[in-house]
Protein chains: 2
Amino acid sequence: MPKIFKELKKIFILLEKKYRDMQDVEFTVENNKLWMLQTRSGKRTAKAAIKIAVDMVKEKLITNKEAVLRVDPNTLDTLLHPTLDVEVEKKVIASGLPASPGAASGKVIFSADEAENLKEQKQDTILVRIETSPEDINGMHAANGILTARGGMTSHAAVVARGMGKPCVSGSNEIKIDYENKFFKSNEFLVKEGDTITIDGASGKVMLGKVPTVKPEISADFSQLMKWADKFRKLKVRTNSETAADTRIARDFGAEGIGLCRTEHMFFEEKRIISVRRMILSKTLEDRKEALAEILPYQRNDFFEIFKIMSGLPVTVRLLDPPLHEFLPKTDKEIEDIGKKFDISNQDIKSRIIELHEQNPMLGHRGCRLGISFPEIYQMQCQAIFEALAECKKKKINLVIPEIMIPLVSTAAEIQILRDLVDKKAEEIQKKNSIKIKYYVGTMIELPRAALRAKDIAKFADFFSFGTNDLTQTTFGISRDDSGKFLNDYVENKIFYKDPFVSIDERGVGELIKIATERGRSQKKSLKLGICGEHGGDPSSIEFCEKTKLNYVSCSPYRVPIAKLAAAQAYLKKKYPKFPV
Amino acid sequence: MPKIFKELKKIFILLEKKYRDMQDVEFTVENNKLWMLQTRSGKRTAKAAIKIAVDMVKEKLITNKEAVLRVDPNTLDTLLHPTLDVEVEKKVIASGLPASPGAASGKVIFSADEAENLKEQKQDTILVRIETSPEDINGMHAANGILTARGGMTSHAAVVARGMGKPCVSGSNEIKIDYENKFFKSNEFLVKEGDTITIDGASGKVMLGKVPTVKPEISADFSQLMKWADKFRKLKVRTNSETAADTRIARDFGAEGIGLCRTEHMFFEEKRIISVRRMILSKTLEDRKEALAEILPYQRNDFFEIFKIMSGLPVTVRLLDPPLHEFLPKTDKEIEDIGKKFDISNQDIKSRIIELHEQNPMLGHRGCRLGISFPEIYQMQCQAIFEALAECKKKKINLVIPEIMIPLVSTAAEIQILRDLVDKKAEEIQKKNSIKIKYYVGTMIELPRAALRAKDIAKFADFFSFGTNDLTQTTFGISRDDSGKFLNDYVENKIFYKDPFVSIDERGVGELIKIATERGRSQKKSLKLGICGEHGGDPSSIEFCEKTKLNYVSCSPYRVPIAKLAAAQAYLKKKYPKFPV
């Protein structure tokens, strides 16, 4: 029916022009007559959305601004990670939260150490834990994916996995783990250590056996779209990173600096954790300083590696933040090891553990409170930073712009005292190396009081970085680790329309950010403002950041392209409230 | 030297008139000539201060307003509690924080149960604990005083002891307790269970042996001063109380209602804790309702007793607030007991305990979040309240004005949903008893977000009560239970001039209170505003409450007279900024 086909083609072009979008069209041909039944903008995968947008710009149907606005940033995730082969039949045995996208298969293992061992034997593993904690970091790095029985979208496992760009299914209530006998049960299934499973972090599904995956590919269209996005974007996009590997990935994805380098993540590595523990167990300042001296070269080298990769860009280093008890030995064996090595009785170690125990570690002896109590820790960290910079200078590496960040400030006095500590150490190292280094000192705004007192605090700060994870926790009085117990009731009752740990709660937490922004800038016009919580990678939160006129957002390496596209959209939406543009 | 004596007397009168205060005068007589060397207002004890003030009014040297302003409210504490005999030599073995005034002697015991046993044998005891927790309540009631090795001025032991008007020394780092072998060491002293010690909660000192004490007496001058204070006062003064005994003490001290009745304190009593535990361990709604039905009569009777005493005055009842795990069995024996009684396996109980464990209970599944997840708990509590009111009506007892308070609200939706629950239950009980009861429903403002969203929240609230303990914790991001570890560093470094848990932090927490007050009243002019944190008994915080135009403060029974005097001073200072008045 060449005539009808020609007519149909003409109508297709007409419809696409009229609706300025790819159309999903229904038609029929009856008695040689063409009937158009329905047309609507077609659904599409991320890949198709990008291709359609770029094609339509080429065809001059839409502008490149409009193309940028056409693609949902959240869908880019699927383009950056492996996905499950849709053709293959799957045996789903459990489901949980889609905590970190991507699909992975491997042998079930229940301990981080075991994951490391198998990694050395080049075996693929899925680390299965009730929940993870900072000492599982190496195992999480080693495993191909992470599955937890407990914890929400912002649990330790979820946050760390997203940062690593590693698939994770969290809070799968269906699975009951028996660590002792090394198996987990899920409904009628029993899965033993060594059995192979597949997890899909995009859907939250757990499957028996190995399900083939499809590798992602970065298309030319994707690159074109990102170039346009970069052109229209005002917000800078940095990354949260503390390893050379992550930093490289982020820079490859176009990160414009590091917005949050959590120095404590560098403390868990096997060789240094023992010195960290020695430091914490020290009874005298002298002992503590000796232990810190052991940690110094590691920390300095970490910084050097990161500074090399981020050369020329700003890098925000946050000084030690978590409470010290997070680093303490947990098992009897660990206690014995450390006791033998440093000649401390097991009883002494155990009583120190009890002494350091906290009812609410989130609100405890952490952040700058550690810097006030143990200035020698922050001094060591500053020494490592400035010596790493000196090393860069010596090796003629283009220096990063160091931004030293004091966490958990709630009063101007805290930042005043600790800024002084940083300045003194900076001066000392510069003098010793006969060099001059430009650096900034600032603070996280992650407590309601800090937001309210921003004007005073800005006297002593060159920048504010909004730690929206903790700010959300304190503003709502909700511990994200514990929120799993009632979050479902809250969503069912429509008390929360959105999880405030995923998208910024504009009417509460957002007001505090606005207050801090206004009061901070009223004190110091040049104050640089950014956001480094998990929200830094969330498109709707990024829109809020653009509206509030922050300078940058910072997010996990794998979310950098998402944040860039979202930042461009936020700017375009603000500048051109009328669509199409 | 009658001539010189006459001259001296004349000068004394002149000086007292000139300075309008009792004078501490130095003079000498040389060669029959009188020389005046120095004069200044004299230091005085609380008792003397009151007598001087009242005398000077009688002598028309000062006005009664000025008399009210002359006495430091904090010093009244010593008039309301027994004090140590100053004449006797004391053997001080340790010191801690002066957590709750008064002096007490008794045999050292290390467990709450033992305190109860010895109480039955009419023996005096001092309960010595590393720290106390809610299940120690009965033991704290039974003991004559409390000594803890850990915890600040607002630790559980300190707060509860002040509420009970019982002497307490908290956070005495010097004492090292060995529960197992039943002794404590303090410096070179070893104190065994059964040894007698004396604690002085006014100075924080711990002494060996029994030191005699002097009983307080309420003088006519004191009563006169309080009458004047009542005349000049605008702020109402209520009490925090949940037992008949405390309520009676507070009413005798002139409390004008209850500002905070913490219903959970009624859950720990031996006979009912087992039903509470059954309720928490329930796997089905039906089981839970059965357990709640067991608790109902107890709770109803508690309310009836309190309502009877506070007849005619407002009583704010806070619905269940703490996380459920606080009520769970702790020891293996307790687990076995409950397992046997309700035919639950120990394993099941233990896994429920693990399930309910929280990382940060302060920010966990508590407050109105429990009411959302388990409406049947709040329904039972409302039933108990309204049935107790019906009972009062039947017995022709003048009804209290019931104010039902929803804790830990952070969104308008929470109070909307739970107000509806209260209203439904109220209607049901009124219908069943064919009566009409006027009641109010309101919320605690204890989270930064609640303060910010006060305008929305006020739509569904008849009153706000500022829970300044928790509001301080969340605004600063400081857990008061854990703050002991760094508070000293903070005071030494002058980061905190005052402990924010003792006096309201006006520049941070205070701003949130102001915001909530303005926004709340802009929605509902009639909104009643009060404060029920520990700050309600602190004179400088009371001054802030007067400035912010709250309606009432609520404090521990023994602080009611202090709060009344402070409230009068706050009003006078505001109304007459120029002294003398």
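Naming: A, B, ... by sequence-line order, numbering from 1 per chain. For clarity, every value in this text was computed on a predicted model and none was experimentally measured.
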Between [options], which residue shows the highest count of heavy-atom pairs closer than 4.5 Å to chain B?
options: A/R480, A/K485, A/R366; answer: A/K485
options: A/D489, A/L452, A/T475; answer: A/T475
options: A/I372, A/T411, A/V509; answer: A/I372
options: A/E355, A/K494, A/Q473, A/Q416; answer: A/E355
options: A/R507, A/M362, A/E414; answer: A/R507

Which residue out of [options] racks up the most heavy-atom pairs below 4.5 Å with chain A?
options: B/G477, B/P361, B/A451, B/G367; answer: B/G477
options: B/I130, B/N493, B/L408, B/D470; answer: B/N493
options: B/P323, B/S373, B/S410, B/A413; answer: B/S373

Can you tell me which portion of [X] sits under 4.5 Å from chain A's heavy atoms? Options are side chain, backbone, both or neither.
X: B/I354; result: both
X: B/R150; result: side chain
X: B/L447; result: both
X: B/E358; result: both
X: B/D505; result: side chain
X: B/R369; result: both
X: B/E492; result: neither
X: B/S483; result: neither

Considering all heavy atoms, the nearest [X]-[Y] contact:
X: A/L319; Y: A/P407; result: O-CG, 3.5 Å
X: A/C368; Y: B/Y490; result: SG-OH, 3.9 Å
X: A/H535; Y: A/T468; result: ND1-OG1, 2.7 Å

(request) Please say whether more than 12 non-hydrogen atoms of neighbouring residues, nucleotides or ligands are located less than 6.0 Å from NZ in B/K283. (result) no

(message) Please check if the number of heavy atoms outside B/Y179 that lie under 6.0 Å from its OH is greater than 12.
(response)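 More than 12 within 6.0 Å, yes.
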
(request) Pick one of side chain, backbone, both or neither for A/I417, based on which atoms fall under 4.5 Å of a heavy atom in chain B. (result) side chain

(message) Does any part of the side chain of B/M444, heavy atoms only, come nearer than 4.5 Å to the side chain of B/L471, both counted from C-beta?
(response)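 They are not in contact (no side-chain heavy atoms under 4.5 Å apart), so the answer is no.
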
(message) Taking the side chain as everything from C-beta on, heavy atoms only, tell me whether A/S155 gets closer than 4.5 Å to A/E131.
(response)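 Answer no - side chains too far apart.
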
(request) Could you give me the CA-CA distance, side-chain angles and deciding distance for A/L324 and A/F374, then say whether side-chain contact (heavy atoms from CB on, under 4.5 Å) is met? (result) CA-CA 11 Å; A/L324 297 181; A/F374 310 109; 3.8 Å; yes

(message) So that I can tick it off, tell me whether A/E511 and B/R449 are bridged by a salt bridge, with the cut-off set at under 4.0 angstrom between side-chain N and carboxylate O.
(response)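 Not counted as a salt bridge, because no side-chain N and carboxylate O are separated by less than 4.0 Å.
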
(message) Please determine whether a side-chain nitrogen of the Lys or Arg among B/D420 and B/K424 lies less than 4.0 Å from a carboxylate oxygen of the Asp or Glu.
(response)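 Answer for the salt bridge query: yes.
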
(message) Under the criterion side-chain contact (heavy atoms from CB on, under 4.5 Å), I'd like the reasoning laid out for A/D178 against A/F110: C-alpha separation, chi angles, the key distance, then a yes or no.
(response) CA-CA 9 Å; A/D178 183 336; A/F110 295 102; over 6 Å; no

